[in-house]
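Reckoned from all heavy atoms, side chains included, excluding hydrogens, waters and symmetry mates.
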Amino acid sequence: MDWKKNDVFQVKIEDLSDTGQGIGKVDGFTWFIKDGVIGDLVEARVMKVKKTYGFARLLRVLESSPCRVAPKCPVARQCGGCQLQAMSYEEQLKFKENKVFHNLVRIGGLKGLWREDQAGGKAAGQPAGQPAGIFYPIIGMEYPWRYRNKAQFPFGRDRDGRIITGFYAGRTHSIIEQEDCLLGIPENSRILACIRGYMEEFRIQPYDEASHKGLVRHALIRKGFRTGELMVCLVINGEVSRLASREVLVERLRGLFAGTDGGEMDAGGGAEGKTAGPRADGKVAGVRAEGDVVGFGSAGHVAGEAAGETARGEAFSGSRVVSISCSINRERTNVIMGREIVNLYGPGYITDYIGNVCYRISPLSFYQVNPVQTERLYATALEYAGLTGGETVWDLYCGIGTISLFLAQKAGKVYGVELVPQAIADARANARLNGIQNVEFFVGKAEEVLPDQFENHGIRADVVVVDPPRKGCDQVCLDTIIHMAPRRVVYVSCDSATLARDLKYLGEGGYGVEKVQTVDMFGQGVHVETVCLLSKLHEAKHHVNVTLDMDEMDLTAAERKATYEEIKKYVAKHNDGMKVSNLYIAQIKQKHGIIERENYNKPKSEKGGQPECPKEKEIAIEEALKYFQMIPSES
């Protein structure tokens with residue numbers, strides 16, 4: 001059929017893409033339809049057509065899937081932040097679990113991986129007696145709402161000129177007005193209303209991207225779920241002096257939750273423009289005493305209801321604003337935070353607990369957004385590390401030391417590595433805060449620090465823990481891990497495709513997957529965290545049989561089958577002139593196990609990030625790789 005824009009058709013949604021779009025087929029032609037749920041029969045309008053696939057807009061649901069539910073958020077479709085809100089939470093968990101499992105089997109070659117059902121037995125179809133790693137059922141959330149401890153809200157004006165705040169619509173910078181996201185803390189709406197009222201009263205202009213004028217760009221709000229401490233950081237396009245009567249804003253924010261058992265707090269008296277320190281008595285205000293700390297048991301069982309109550313947003317009890325600051329960002333950029341932080345009130349940070357470890361969190365700190373599930377994630381990582389008290393552990397991509405300090409409680413010595421200097425400063429401060437002395441942190445790239453410390457200083461490892469960004473581990477880093485030969489490797493991943501790629505590489509280096517545990521950190525969204533335990537094959541209790549065909553074994557030969565320019569030409573010819581970059585091609589080749597060499601996927605600068613390949617370009621590149629016989633036609 002010759003599809004044209006605005007054609008209307010009916011299709012059954014049979015699957016979901018990695019980004020949560022419904023997938024259906026009409027006469028063999030694949031359609032991606034946002035907001036479709038598996039099992040829906042929908043009517044859709046054609047928006048864009050490519051050679052073998054297209055994108056369509058959902059017009060109406062003709063027959064609802066049994067998995068479809070009414071979204072709780074009134075702007076769920078416009079906002080696009082909750083890709084799965086129209087799907088029941090039980091089905092969301094199945095989707096995420098299946099996505100990880102199939103990526104590990106298809107990309108990672110873990111053909112022998114078997115799934116443990118809820119009763120503790122093997123999944124149907126597993127060959128009897130076959131040694132393999134165990135894929136455990138996903139750890140879901142008791143209440144998949146109100147779980148985010150951090151949110152960033154852009155400010156702007158609507159068509160009537162009113163100051164508004166909310167979230168950007170998908171793939172745009174148009175603000176969808178929403179001050180009470182149901183994934184965020186209920187305190188957000190009060191704080192945003194306070195800021196908006198202040199701006200209107202004192203004629204503080206919101207930032208306008210087109211003209212690069214206006215002052216207030218974003219508001220960053222963070223909360224310590226266990227301490228009740230709140231941080232408010234305004235991102236502004238200029239000096240703090242342009243915030244007229246800012247002391248009024250500070251006082252109003254401080255008084256927002258007075259009378260909710262939070263009371264007033266001695267926040268350390270941090271003066272504007274200066275770095276604030278701890279309180280005079282050396283304690284962190286609002287932090288519970290050691291005997292009050294909520295702990296946890298084995299993976300998947302959190303022993304503490306305080307965080308759950310906060311996640312449910314049942315009350316503001318104990319909430320109080322303890323840190324108010326400004327982030328100066330004068331750049332024409334999509335990056336939200338600036339590099340300079342000016343303190344207006346408080347110590348310049350909040351604190352929170354994971355397990356019995358206290359963390360100091362500044363505006364620029366990386367800290368997991370779902371503290372309830374983070375306890376379960378880290379409890380699993382700690383269990384998999386199998387520490388008995390004397391081990392040397394390396395924690396790569398350690399951030400502010402969240403996992404490092406967790407591990408240090410049961411290890412002999414822990415070394416952490418992180419590229420961002422401020423994160424390492426926070427990690428060292430967190431170690432001092434908790435009185436933990438058996439940790440040492442290094443600033444630098446894991447792929448550089450690890451080989452140097454191993455080869456030049458003789459520091460070995462019994463256990464290596466990695467928690468890389470979405471792009472996964474650098475190949476040099478993986479090579480060094482293999483060379484160091486730790487007994488166990490614990491891999492924490494936020495992207496199952498790059499996880500599968502790296503597990504395959506480590507498998508070729510002599511490691512077998514013993515256990516895999518997925519943890520849902522992002523209810524209503526598509527992302528999922530995974531923890532894997534790998535052991536040296538001669539020590540592992542379970543071994544994974546990795547099945548590779550001859551093309552997969554000869555990776556360098558596969559790379560020679562087509563140049564980047566040939567792939568680009570094929571994509572452009574068969575997709576209406578579509579352009580794809582070397583980076584996108586490298587990402588898709590890497591996803592399918594075609595290993596790139598030393599400079600694969602490196603950003604242009606030390607601090608630079610990298611874009612992820614859009615789904616439509618991923619499909620187009622995969623079609624080219626199939627044409628050149630670089631990946632199997634059924635991939």
Side-chain angles (χ1 to χ4, degrees), residues 15 17-19 23 25 28-30 32 50-54 99-111 113 470-476 478-479 493 495-509 544-603 610-635:
D15 200 356
S17 71
D18 285 350
T19 57
I23 300 176
K25 291 188 176 183
F29 192 86
T30 301
F32 292 91
K50 298 297 183 180
K51 181 185 177 184
T52 58
Y53 65 95
K99 177 173 72 170
V100 175
F101 181 81
H102 293 309
N103 278 341
L104 295 186
V105 172
R106 181 173 61 88
I107 301 172
L110 303 180
K111 309 298 184 184
L113 191 64
R470 294 197 183 281
K471 69 175 183 177
C473 292
D474 185 278
Q475 186 178 330
V476 175
L478 294 176
D479 285 337
S493 171
D495 187 297
S496 57
T498 55
L499 167 67
R501 178 202 70 206
D502 290 349
L503 293 185
K504 184 174 184 178
Y505 193 85
L506 289 169
E508 293 166 353
V544 174
N545 294 338
V546 178
T547 304
L548 303 174
D549 61 30
M550 293 308 294
D551 278 346
E552 288 176 311
M553 291 295 290
D554 188 7
L555 295 175
T556 54
E559 288 174 335
R560 289 197 299 267
K561 287 183 179 179
T563 65
Y564 278 70
E565 289 306 314
E566 287 172 330
I567 293 172
K568 289 179 180 180
K569 289 179 181 178
Y570 181 92
V571 169
K573 179 179 179 181
H574 294 86
N575 293 274
D576 301 325
M578 177 188 287
K579 294 182 179 180
V580 294
S581 65
N582 287 351
L583 172 63
Y584 288 162
I585 296 173
Q587 287 178 352
I588 305 310
K589 289 175 69 178
Q590 192 82 336
K591 173 182 175 180
H592 287 276
I594 304 174
I595 304 299
E596 294 296 317
R597 298 312 177 210
E598 182 177 355
N599 293 319
Y600 162 71
N601 252 3
K602 288 189 176 179
Q610 58 180 3
E612 291 189 28
C613 183
K615 189 65 179 180
E616 61 269 24
K617 293 190 177 184
E618 177 182 339
I619 294 174
I621 294 169
E622 287 178 335
E623 288 298 320
L625 297 181
K626 292 174 185 177
Y627 173 80
F628 289 112
Q629 298 182 351
M630 298 171 72
I631 63 175
S633 59
E634 64 272 13
S635 293

Enquirer: To check you understand the geometry: which heavy-atom pair defines the closest contact between Ile588 and Glu622, and what is its length?
Expert: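 Closest approach of Ile588 to Glu622, heavy atoms only: CG2-CG, 3.6 Å.
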Enquirer: With rounding to the nearest 0.5 angstrom, report the NZ to CG distance, Lys99 to Asp18.
Expert: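 Lys99 NZ to Asp18 CG: 5.0 Å, rounded to 0.5 Å.
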Enquirer: Any idea which heavy atoms bring Ile621 and Cys613 closest together, and the distance?
Expert: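 What the structure gives for the nearest pair is CD1-SG, 4.2 Å.
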Enquirer: Rounded to the nearest 0.5 Å, what separates atom CD in Glu508 from atom CG in Leu503?
Expert: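 So the CD of Glu508 and the CG of Leu503 are separated by 11.5 Å.
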Enquirer: Near Phe29 CZ, under 6.0 Å, is it more than 12 heavy atoms from other residues, nucleotides or ligands?
Expert: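 Yes, the 6.0 Å shell around CZ holds more than 12 heavy atoms from other groups.
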Enquirer: Side-chain contact, heavy-atom cut-off 4.5 Å: Arg106 with His592?
Expert: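 Side-chain contact under 4.5 Å: yes.
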Enquirer: Whether the side chain of Lys50 engages the backbone of Asp576 through a donor-acceptor N/O pair (distance < 3.5 Å, no angle test) should be reported.
Expert: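 Checking the backbone N and O of Asp576 against the side chain of Lys50, no donor-acceptor pair under 3.5 Å is found.
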Enquirer: Are Thr498 and Lys591 close enough that some pair of their side-chain heavy atoms sits under 4.5 Å apart?
Expert: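 No, every pair of side-chain atoms sits at 4.5 Å or beyond.
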Enquirer: Considering residues at least two apart in sequence or located in another chain, which fulfil the side chain to side chain contact (heavy atoms under 4.5 Å, CB included) criterion with Thr52?
Expert: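 Listed in chain order: Glu623.
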Enquirer: If you round to the nearest 0.5 Å, how far is CG of Leu625 from CD1 of Ile567?
Expert: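 The CG atom of Leu625 is 5.0 Å from CD1 of Ile567, to the nearest 0.5 Å.
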Enquirer: Does a side-chain heavy-atom distance below 4.5 Å link Thr19 with Phe32?
Expert: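 Not in contact.
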Enquirer: Taking atom CZ of Phe628 and atom OG1 of Thr563, what is their separation to the nearest 0.5 Å?
Expert: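 OG1 of Thr563 is found 7.5 Å from CZ of Phe628.
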Enquirer: Under 4.5 Å between any side-chain heavy atoms of Phe101 and Ser496, yes or no?
Expert: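 Side chain of Phe101 against side chain of Ser496, heavy atoms only: no contact under 4.5 Å found.
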Enquirer: Quick one: side chain to side chain contact (heavy atoms under 4.5 Å, CB included) partners of Ala620, sequence neighbours excluded?
Expert: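 Scan of Ala620 (side chain to side chain contact (heavy atoms under 4.5 Å, CB included), adjacent residues dropped) gives Tyr53, Val571, Asn575, Met578.
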Enquirer: Just one of Gln587, Lys568, Glu565 clears the side-chain hydrogen bond (donor to acceptor under 3.5 Å, both in side chains) bar with Asn582, so which one?
Expert: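 Per the side-chain hydrogen bond (donor to acceptor under 3.5 Å, both in side chains) rule, the option paired with Asn582 is Lys568, out of Gln587, Lys568, Glu565.
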Enquirer: Heavy atoms only: give me the nearest Asn103-Ala497 pair and the separation to one decimal.
Expert: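 So the minimum-distance heavy-atom pair works out to ND2-N, 3.8 Å.
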Enquirer: Return the CG to CG distance between Leu113 and Leu104, rounded to the nearest 0.5 Å.
Expert: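 Answer for the CG-CG pair, Leu113 versus Leu104, is 6.0 Å.
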Enquirer: Can we say Glu566 and Lys569 salt-bridge, meaning some charged N sits less than 4.0 Å from an Asp/Glu carboxylate O?
Expert: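 A salt bridge is absent here (no side-chain N lies under 4.0 Å from a carboxylate O).
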Enquirer: If I compare all heavy atoms of Ser493 with all of Leu499, which pair ends up nearest, and what's the gap?
Expert: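 Closest heavy-atom pair between Ser493 and Leu499: OG-CB, 3.4 Å.
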Enquirer: Please report the closest heavy-atom contact between Arg470 and Asp495, naming both atoms and the distance.
Expert: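 Taking every non-hydrogen atom into account, O-CB, 3.6 Å.
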Enquirer: Please report the closest heavy-atom contact between Ala562 and Met630, naming both atoms and the distance.
Expert: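 Here Ala562 and Met630 meet closest at CB-SD, 3.8 Å.
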Enquirer: Give, for atom CZ of Arg501 and atom SG of Cys473, the distance between the pair rounded to the nearest 0.5 Å.
Expert: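 Here the interatomic distance stands at 8.0 Å.
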